[in-house]
There are 2 protein chains.
Amino acid sequence: MDQEFKKQETNSTGTGYLPGLAIDTVIFGFHESELKVLLLTYKNTGFFALPGGFVHEDEDINQAARRILFHRTGLKDIYLEQFYTFGDKSRHDTAPLKKIMAARGFFPEDNHWLLSRFVSIGYYALVDFTKAIPSPDSISDSCDWFNLTDLPGLMQDHQHIIAKALQTIQLDLDHKLIGFNLLPEHFTMGELQGLYETILNKKLLRAAFQRKMLSFGVLERIAKKWTGGAHKAPYLYKFISGSK
Amino acid sequence: MDQEFKKQETNSTGTGYLPGLAIDTVIFGFHESELKVLLLTYKNTGFFALPGGFVHEDEDINQAARRILFHRTGLKDIYLEQFYTFGDKSRHDTAPLKKIMAARGFFPEDNHWLLSRFVSIGYYALVDFTKAIPSPDSISDSCDWFNLTDLPGLMQDHQHIIAKALQTIQLDLDHKLIGFNLLPEHFTMGELQGLYETILNKKLLRAAFQRKMLSFGVLERIAKKWTGGAHKAPYLYKFISGSK
DNA sequence: TTATTATTGTATCATTATGTTACAATAATA
DNA sequence: TATTATTGTAACATAATGATACAATAATAA
């Protein structure tokens, strides 16, 4: 899989890829009451960036997004949604990419395909934090979770892409049942509420939240969870539905 | 403006355009209780298609969408929204395009840029039917409104693009105030309700609809409209708001 | 001029959804 | 066995929406 990058650098015309088209994925996770995104750093540069990639000539763009997602998290069958395509001409800034390549000892001609203007299709993914295993590759030093509230400086317009992704899931949360994708298979009502509160960035009323969630009829009560606290044990729930 | 097409055909490598990237616009209008979309036919082929175009090298994709929209309708300051990017590899079908070009007496090599695989960014526009003047150009025979309920056979996946656009405005209609863009400056409550009913494809309750619309506080009552009917005259309203 | 007709604007009440408070149930601990 | 904190849910209050009813009023006909 890591040949992918060598292939991208070496063949200066980008044969085998759709020209000028990139995919960036905002991979959301949730842990300890914090919404997180997966970021990587490019080797020896300290640049933080969203996991992304390019589309093969014989590949649907959605397939490409899944491939990239799998590559970073090791996960298949993930909730993945295209949310916006970014194509301002101001995105075209070759400096960071040149540095990234230089740090690998590669000094491309100015007409190298990777230095041309790219339009990027944004996808967001919702993954179970406990199942996803971030994996760096030959081109990146690290690939790790960052709190959404405490992001490092990001390459290009990646900050903006994340903001737009967040905005999208905030809107989607109300009318699609997507929240569950961020939790482990079993969860308490309190955990689910905490997730909603974090995404929407506001407090919700406990009684009303529970009533509403149960009214959807997609939660199956599994067992009790004895947390060790001196109080009633919460139930564990699991998401059930034809659609996931 | 019509040189645009000659430029696209003649220069076989597509210099000046972003390669492999197209824009398709679903331009919605509303007239006589029918939702309409603007379609064009390519000269001497009878192919129906969405108005579309390509992105200039020095242009934001949103600018490109506005340029295409202006070119077709003569309108600026139109409500325009990107809704999805279509990039299945199955879209790549050179046959129709070859016929279109052949009908113009142009027979491109197989490696002509227009025959390569394209990813298309979909935009939808909401326009005042009474203001938009559909205009064909050198490459198209006609450019006309078609009822959404009675579309002709369309090129490639344009049917699917329209379906996705419709789905998007149905969802947007609830939480954005976008409906007004499809009506003339002044309209009655009945006309507004008819518009909503057509888009959502269901009957709404008159009293509740009126109460809700007025509660938004974005409607200014202008005057009465004497229709000639033997009944109370409805008020004319106008949309007022900082955001349009 | 006045009755008739169809449609509009809105009040009224019914129903449903949501906000809010309260309290019994219950694990762990003292 | 009492205490504590938290959960699940009942109960009530308020707000939003569904449904019906009716007065207001342009045009037309008597």
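Residue numbering restarts at 1 for every chain, and letters A, B, ... go by the order of the sequence lines. This one's a predicted model, so the numbers in the text were calculated from it and none came from an experiment.
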> Once you round it to whole Å, what is the distance between P of dA17(C) and CG of D174(A)?
16 Å
> I'd like to check the side chain to side chain contact (heavy atoms under 4.5 Å, CB included) partners of A65(B); sequence neighbours left out, ordered by chain and number.
I23(B), L80(B), Y123(B)
> Provide, to the nearest angstrom, the distance between the CG atom belonging to L192(B) and the P atom belonging to dG9(C).
12 Å
> How bent is the helix from dT1(C)-dA30(D) to dA30(C)-dT1(D), comparing axes over its five end pairs at each side, to the nearest 10°?
20°
> Among residues 203-216 of chain B, which residues get a heavy atom nearer than 4.0 Å to DNA chain C?
R206(B), A207(B), Q210(B), R211(B), L214(B)
> When the distance from CG of L219(B) to P of dT10(C) is rounded to whole Å, what number comes out?
12 Å
> Only counting residues at least two apart or in another chain, list the ones meeting side chain to side chain contact (heavy atoms under 4.5 Å, CB included) with S90(B).
D88(B)
> Not counting sequence neighbours, which residues clear side chain to side chain donor-acceptor pair (under 3.5 Å) with S142(A)? List them please.
T41(A)
> What is the distance, to the nearest angstrom, from the NZ atom on K232(A) to the C1' atom on dT7(D)?
5 Å
> Name the orientation class of the two ring planes belonging to F180(A) and F239(A) (parallel below 30°, tilted from 30 to 60°, perpendicular beyond 60°).
parallel
> How are the rings of F146(A) and F48(A) set to each other: parallel, tilted or perpendicular (split at 30° and 60°)?
perpendicular
> Expressed in angstrom and rounded to an integer, what is the separation of Y235(A) atom OH from dG8(D) atom C1'?
8 Å
> For a side-chain contact (heavy atoms from CB on, under 4.5 Å) check, start with the C-alpha distance between L40(A) and R72(A), then their side-chain angles and the critical distance, and finish with the verdict.
CA-CA 10 Å; L40(A) 52 83; R72(A) 290 301 172 187; 3.2 Å; yes
> So, are E197(A) and K203(A) salt-bridged, with charged N and O less than 4.0 Å apart?
yes
> Below 3.5 Å, can you tabulate the donor-acceptor pairs from side chains in residues 204-211 of chain B to any protein atom, sequence neighbours excluded?
none

